[in-house]
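Order of appearance sets the numbers: ligands from 1, and atoms from 1 within every ligand. This one's a predicted model, so the numbers in the text were calculated from it and none came from an experiment.
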Amino acid sequence: MNILETMHEELETLKRKGNFRSLPPLVHDGREVILNERRMLNLSSNDYLGLANEPSLREAFIRTLTPRNFFPSASSSRLLTGNFTACEELEGRLAEMFGTESALIFNSGYHANTGILPAVSDAQTLILADKLVHASLIDGIRLSAAKCIRYRHNDLAQAARLVEQHHDAYRQIILVTESIFSMDGDVNDLRALVRLKQSYPNVLLYVDEAHAFGVRGANGLGCAEEQGCIGQIDFLVGTFGKAAASAGAYIVCRKVVREYLINKMRTLIFTTALPPVNIAWTSWVLGRLPEFSDRREHLSRISSTLKQALAAKGYDSPSESHIIPLIAGASEAAVLKADELQRKGFYVLPVRPPTVPEGTSRLRFSLTADLTEHDIERLIEAID
Ligand SMILES: *Cc1c(COP(=O)(O)O)cnc(C)c1O
């Protein structure tokens, strides 16, 4: 068989197993999506604060633009001529908001996670990563020279044993984890991880707040703000593509880390910087982030309502956030349930292995602050 025939065969196998992926032809209409002429409430979006869907915010931002300050391209890497003032302004704002020495922005969370770990690791580095970390972190680990051991999800006792066992044999150990996990919606005990890393001089902590930035903490800075440990996390990373209604990502860190990344991080050095207009929009949204606590509180309330209703229907969920799985078990059961809810007007998607462990196929509700109490009541009625 030639290569194209092999590709075709593999795709046929994916189709037979129900694992074939394709891009859904969605039409967006506010809080709703239209797919194959079916109009549904979007319960699968990462627009957690509902800001991407807020016309008044966009209108106010557009009024700040003129043909002279609207730059749709950086035309170059930041190390050449792409370092527009908008980049430095956003980084200054981030460092101030987080109270850190410095900040550095990237083109996406994927760029951040695949670039930082290879830059700061060498063959004398051991990475200890939670079993359920995001694919971008896995890829970053693979691109690095470090050795890696995965510990059981949120099993900090196992992580502590591994640190104790290995800290002597390596120059440094980096603990890699997330704050809110994307499939279970559970929240990490960051303070316990900080205590663990502080017991050893050569242990560093890397936390990805992709799902928590904007959503958690009094000012929306994430779980590290909520748990009072921003300054104790060596690599605190988050993305602008979710609650911040934009694109790009950040690290807040010490100045030496920022300078090191500027010198070593390939996914920063060898790519065109984000469009300055996009960076200006991110700054615009972040400047208003503390004001959105009513949205954060509303999101937390409707999340509790849904979680309690699911528990009453016999679906226990590990969720402690706005990401709420309904564990159906077999893949077929998850697909059928998702189909049924879609027919009833709720855009919910099934998640199956290998994304989640065998036997834990699920629907994944990703709630956003523009959903009303009434929407949630209708959803609860629709679930049996
Ligand atoms: C979404 C996500 C990313 C990727 O961020 P992008 O900005 O979309 O590339 C990284 N890590 C986690 C945990 C995520 O959920």
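- Ion pair Arg78/Glu91 flagged as a salt bridge, since at least one NZ, NE, NH1 or NH2 atom sits closer than 4.0 Å to an Asp/Glu carboxylate oxygen.
- For atom 9 (O) of ligand 1, the nearest non-hydrogen atom of the protein is Tyr110 N, 2.9 Å.
- Between Phe213 and Phe98, the ring planes lie parallel to each other; the angle is under 30°, not in the 30° to 60° tilted range.
- Residue contacts with ligand 1, taken as heavy atom pairs separated by less than 4.0 Å, involve Asn113 solely via side-chain atoms from C-beta onward.
- Contact annotation: for His211 versus ligand 1, heavy atoms closer than 4.0 Å belong to the side chain alone.
- A donor-acceptor pair under 3.5 Å is absent between the side-chain atoms of Thr100 and the main chain of Glu96, judged by distance alone.
- Between Gly109 and ligand 1 there is a heavy-atom distance shorter than 4.0 Å.
- Under 4.0 angstrom from ligand 1, the non-hydrogen atoms of Ala210 all belong to its side chain.
- Atom 11 (N) of ligand 1 has as its closest protein heavy atom Asp208 OD2, 2.6 Å.
- In terms of modelled atom types and a separation under 3.5 Å, the side chain of Gln172 and the main chain of Leu126 share no donor-acceptor contact.
- In this view, Thr355 and Arg21, Met183, Val351 satisfy the side-chain contact (heavy atoms from CB on, under 4.5 Å) rule, not counting sequence neighbours.
- Here the heavy atom of the protein found nearest to atom 8 (O) of ligand 1 is Thr239 OG1, 4.5 Å.
- Of the possible polar contacts, one joining the Asp375 side chain to the Thr372 backbone as a donor-acceptor pair under 3.5 Å is found.
- Aromatic pair Phe346/Phe365: centroids not less than 6.0 angstrom apart.
- Close approach of ligand 1 to Ser136 (heavy-atom distance below 4.0 Å) involves ligand atoms 10 (C), 11 (N).
- Residue Glu178 approaches ligand 1 through these ligand atoms, each under 4.0 Å from one of its heavy atoms: 13 (C).
- Ring centroids of Tyr200 and His167 are separated by less than 6.0 Å, placing the two rings close together.
- Each of the atoms 1 (C), 2 (C), 3 (C), 14 (C), 15 (O) of ligand 1 lies under 4.0 Å from some heavy atom of Lys242.
- Heavy atoms of Ala249 stay at 4.0 angstrom or farther from ligand 1.
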